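A short worksheet on the structure shown next.
Everything quoted here is computed from the prediction, not taken from an experiment. Only this structure's heavy atoms are used, side chains among them; waters, hydrogens and symmetry mates stay out.
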Amino acid sequence: MLDTRSHAERRLFGLFFCFLFVIAVALSLFGSLLPFPSGGFSIQRSFLCVLIVLLGVLGAWAFLTTPGFIEENLWPLTMVLSIGGLIFAHAFISNSHFRWIEPGLYVGFLGCIVLFGGLLGKSLSLKSLLEPMSVILGACVALYGAMSLNYYGFSLSDRDVKIADHLPWGFVNIRYWSQVATWLLPLLPLALINGLARRSRLWVLLVVLGGAIWIWMILLSSARGTVVSLLVGTVCAFVIFRHAVLPWLKLFGLLLLCGGIFWLVLSGLMPALLGVSFEGRELSIGSSGRWVLWQEAFAMSLQSFPFGQGPQAWLTHEPLTEAYRGSKAFGHPHNMYLMWAAEYGWLVVCLIFGMFAWMAHRLFKLRNLMGVNARSRDEVVLCGVTVSVASALCHASISAVFVAPASMLIGLFVLIVFYAMLQSPQSALNKGRSSMVRRYPAWTFCCLFIVSAMSLWWLSGVYQYHQAMVRDLPVYLEQPANAYFPRFWYHGYFPRTDTP
């Protein structure tokens, strides 16, 4: 039984987590409205780095103070330490001045998922936490959809404007929006079953309309990656949960149906009635140049097999394939797994897939524990989060899901909640065990101090990296035909081989 003080602390902890979630979603969707360069790209990345440090330090405290935390999370902790060791090993041998920044981002991202997700799963009632998170999600999606209709209306008033050039809005690249849509859309059914939905029909209407507008914009922008990824994620959920996926699928099907109606009305009926020529983005059946990038990344991964060529080597390496030598260059190969294999090695990728396998095993175990006693609401929540994660991991094979800061901000919270849900509900961590801080207090506080100091040092490096990038941008853009290479920053092609 929790005492009053402990219950108050956990409630405060939950409110703090939801507050961070509000900021993350708001920056991801509406960051372009803030007075920052690069359409909010820089502020999104900066907040992501601060968030990783903050959640990482809190997670490290949980690791040291929660009885049995190590035993419960031994396998994923081992995987994260192994991945971190291999990634940081590349930084030691790299000549780049900012060689610690991107490795620190990915190691911190994984560490936050395991450490903070483990803390979340054992310290809070997920049901009480998911309730406000679903409200935040539904409200932001509905608000973005309503603002998109404004853009649509203004575009219709200008007969010479192509609507697909303006929607989706607020992102420096529309594919960054589709990545966010891949994370968020499977979670929208959660907003249709929360307490607010049971009390207010207006709320249900707003969420359905908001989701329908998002589906319409996916069709409008020909977001093939999102469509395919959502299909794969749904199939994965069906394989795992079988008939238990039906309650979630019915709600998601409602959003799809309404989205199709919006597409018929907004893309067909309204332009016809107004006599306006309406053109969406052309649907391509090819790879959009990705095949050339994938071949190049795969060739890179074999050069130093199985260890890779080091952080951000994709930006500065000499082309290996003739097709890539004569093609348009990008800041990433549009495939996260091939990018990680090229830069950090196939060994790291295999360890990442090992974490996926562990999560799938725990997911099957959780489903078996739920059994016939599972309620429809619990099934919708579990299926929604599972489809979101599976879809995003699939989307990462054809897009920069774990490069774009907006996608990583949303993904961090979704993966933390997903990992928290995988915690064994029957595991009694507090029985017969003492925490590390009680057994080794001096060692514990020393470790926490080291983690905090290293995190602050890494953040200072992120700031220096940003300042150096800002100074280099005018020099870079003075060269003819130079374009942006979004990577860590929107001007991601820095440092280059021709810069110090």
Side-chain angles (χ1 to χ4, degrees), residues 18 21-35 39-40 44 132-158 161-194 196-197 199-221 223 226 230 251-252 254-271 273-274 276 278 280-281 384 388 406-407 409-410:
C18 290
F21 183 64
V22 170
I23 298 177
V25 177
L27 284 179
S28 297
L29 296 181
F30 309 109
S32 63
L33 302 178
L34 298 176
Q44 289 169 356
M133 290 183 70
S134 65
V135 173
I136 295 166
L137 170 64
C140 289
V141 167
L143 178 60
Y144 185 91
M147 296 178 70
S148 299
L149 286 182
N150 282 335
Y151 278 86
Y152 170 79
F154 285 120
S155 298
L156 283 183
S157 64
D158 189 342
V161 173
K162 186 177 180 181
I163 186 66
D165 293 336
H166 295 267
L167 291 176
W169 62 274
F171 289 77
V172 293
N173 187 306
I174 64 169
R175 296 312 171 206
Y176 294 163
W177 174 85
S178 67
Q179 295 163 9
V180 172
T182 301
W183 285 109
L184 293 184
L185 281 177
L187 302 176
L188 269 187
L190 276 64
L192 297 174
I193 60 170
N194 58 25
L196 185 57
R199 295 190 301 269
S200 172
R201 291 184 179 181
L202 177 60
W203 169 256
V204 174
L205 179 63
L206 290 175
V207 172
V208 171
L209 291 179
I213 295 172
W214 279 58
I215 297 293
W216 166 62
M217 286 192 291
I218 287 176
L219 299 176
L220 178 70
S221 60
T226 297
L230 289 175
L251 294 172
F252 192 67
L254 174 64
L255 299 176
L256 293 177
L257 176 62
C258 294
I261 295 174
F262 264 69
W263 182 77
L264 291 174
V265 173
L266 299 179
S267 299
L269 183 60
M270 286 293 293
L273 291 176
L274 296 175
V276 177
F278 188 92
R281 191 171 295 272
S388 175
S407 174
L409 273 173
I410 302 297

Next on the checklist: Tell me the closest heavy-atom pair linking Ala142 and Leu206, and the distance in Å.
Outcome noted: CB-O, 3.7 Å
Item to check | Results of ring pair (Phe, Tyr, Trp, His ring centres under 6.0 Å) for Tyr176 - residues two or more places apart only | outcome: none
Next on the checklist: Check this for me: Trp263, atom CH2, are more than 12 non-hydrogen atoms of other residues, nucleotides or ligands nearer than 6.0 Å?
Outcome noted: no
Item to check | Stepwise side-chain contact (heavy atoms from CB on, under 4.5 Å) test for Leu190 and Leu137 | outcome: CA-CA 9 Å; Leu190 276 64; Leu137 170 64; 5.7 Å; no
Checklist outcome for this item: In terms of heavy-atom contacts, Leu185 and Phe252 come closest through O-CE1, 3.6 Å
Checklist entry - CG of Leu220 to CE of Met217: how many Å apart, nearest 0.5 Å? => result 8.5 Å
Checklist entry - Where is the tightest heavy-atom contact between Ser134 and Asn194, given as atom of each residue plus distance? => result OG-ND2, 3.0 Å
Next on the checklist: Just to verify, what does Trp214 make a ring pair (Phe, Tyr, Trp, His ring centres under 6.0 Å) with, not counting sequence neighbours?
Outcome noted: Tyr144, Trp177
Checklist entry - Looking at Gln44 and Leu27, what are the two nearest heavy atoms and their distance? => result NE2-O, 2.8 Å
Checklist entry - When rounded to the nearest 0.5 angstrom, what is the spacing between CD1 in Ile410 and CG in Leu184? => result 5.0 Å
Item to check | Trp203 side, atom CH2; Leu192 side, atom CG - distance, nearest 0.5 Å | outcome: 9.0 Å
Checklist entry - Distance from Ile218 atom CD1 to Ile213 atom CD1, nearest 0.5 Å? => result 12.5 Å
Checklist entry - Out of curiosity, Ile215 CD1 to Leu230 CG, how far, rounded to the nearest 0.5 Å? => result 7.0 Å
Item to check | Spacing of CZ belonging to Phe171 relative to OG belonging to Ser178, to within rounding of 0.5 Å | outcome: 9.0 Å
Checklist entry - Do you know the tightest heavy-atom contact between Ile174 and Ser221? => result CD1-CB, 4.1 Å
Checklist outcome for this item: Exactly one of Ser388, Ser407, Ser28 clears side-chain hydrogen bond (donor to acceptor under 3.5 Å, both in side chains) with Trp183, and that residue is Ser407
Item to check | Shortest non-hydrogen contact between Arg175 and Ala223, atoms and distance | outcome: NH1-CA, 3.5 Å
Next on the checklist: Walk me through whether Leu188 and Val207 qualify under side-chain contact (heavy atoms from CB on, under 4.5 Å).
Outcome noted: CA-CA 8 Å; Leu188 269 187; Val207 172; 4.1 Å; yes
Checklist entry - Side-chain contact, heavy-atom cut-off 4.5 Å: Met147 with Leu33? => result yes
Next on the checklist: Applying side chain to side chain contact (heavy atoms under 4.5 Å, CB included), can you list everything that pairs with Leu209, at least two apart in sequence or on another chain?
Outcome noted: Leu205, Phe262
